[in-house]
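Values below: every heavy atom of this structure, side chains too, minus hydrogens, waters and symmetry copies.
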Amino acid sequence: MSFKFKLEALRRYRSFQEDVLQKELARAQRNRDREIGRLQSLLDKRTLAENDLKHWRESSTNAPRMALFDAYIQRLTGSIAEQGIRVKQADAVCSEKMQALLEAMQNRKTIDRLKEKDLQAYMEKLSRNEQKFLNEIAINQFTRNSI
């Protein structure tokens with residue numbers, strides 16, 4: 001007689017669910033990292049453009065070129081704001097996925113604890129049955145030796 005957990009199918013399903021959510025979280029984190037990389041790239045471009053504009057202002061370059069760079073910096077600033085929103089959205093998605101994963105982990109751990117309790121009860125029952133068997137053998141031997 002071997003141990004069989006009655007809720008094993010549910011435990012496997014919850015484990016599968018947890019694996020799927022882990023993959024979704026990893027995908028969301030990669031997306032967030034990509035968005036952060038894009039934001040950092042835009043920030044770097046703006047810093048470089050601001051430094052170039054500052055250099056040209058000091059060297060008295062023509063006004064149209066400075067106006068062009070000023071417009072470029074303004075466009076980059078707008079793009080940075082939009083990208084910042086995308087990063088916040090990606091963070092929110094990551095938070096949602098993390099919360100769903102934590103909930104799935106708790107559900108699986110609940111079933112795992114039930115399995116451990118059932119296994120413990122099974123082992124105790126097995127031990128009691130073994131002890132009863134040994135006691136029965138000892139009683140029979142004592143009875144046989146008494147006669």
Step by step, would you call R27 with E24 a salt bridge (charged side-chain N to carboxylate O under 4.0 Å, His left out)?
-> CA-CA 5 Å; R27 213 173 294 126; E24 288 178 9; 5.4 Å; no
Salt-bridge criterion met for D112 and R108 (N-O under 4.0 Å) = yes
Let me confirm one number: the [atom1]-[atom2] distance from [X] to [Y], rounded to the nearest 0.5 Å.
X	Y	atom1	atom2	answer
F69	E50	CZ	CD	11.5 Å
F5	L10	CZ	CG	7.5 Å
K115	L7	NZ	CG	10.5 Å
Y72	S79	OH	OG	9.0 Å
K45	I80	NZ	CD1	10.0 Å
L76	R46	CG	CZ	8.0 Å

For residues 73-86, pull every pair meeting salt bridge (Lys or Arg N to Asp or Glu O under 4.0 Å), keeping only residues two or more places apart or in separate chains.
->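 Listed once each, the pairs would be none.
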Give every donor-acceptor pair under 3.5 Å between a side-chain atom in residues 31-43 and any protein atom, sequence neighbours left out.
{"residue": "N31", "atom": "OD1", "partner": "R34", "partner atom": "NH2", "Å": "3.4"}
{"residue": "E35", "atom": "OE1", "partner": "Q83", "partner atom": "NE2", "Å": "2.4"}
{"residue": "E35", "atom": "OE2", "partner": "R38", "partner atom": "NH1", "Å": "3.0"}
{"residue": "Q40", "atom": "NE2", "partner": "D44", "partner atom": "OD1", "Å": "3.0"}

Do side-chain atoms of T143 reach the backbone of I139 as a donor and acceptor pair under 3.5 angstrom?
->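 Yes; judged by distance alone, with no hydrogens or angles, the pair exists.
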Let me have the donor-acceptor pairs involving side chains of residues 98-107, under 3.5 Å, with sequence neighbours excluded, atom names and distances please.
{"residue": "N107", "atom": "ND2", "partner": "E103", "partner atom": "O", "Å": "3.4"}

Any chain of hydrophobic side-chain contacts (each under 4.5 Å) joining F3 to M123?
-> yes
Give the cluster check for L119 versus L126: same hydrophobic cluster or not, with ILVMFWY residues linked at side-chain heavy-atom distances below 4.5 Å.
-> yes
Is there a side-chain contact between K4 and E8, using heavy atoms and a 4.5 Å cut-off?
->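 With C-beta onward as the side chain, the pair stays apart.
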Least distance between heavy atoms, L25 atom then C94 atom |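 Closest approach of L25 to C94, heavy atoms only: CD1-O, 3.6 Å.
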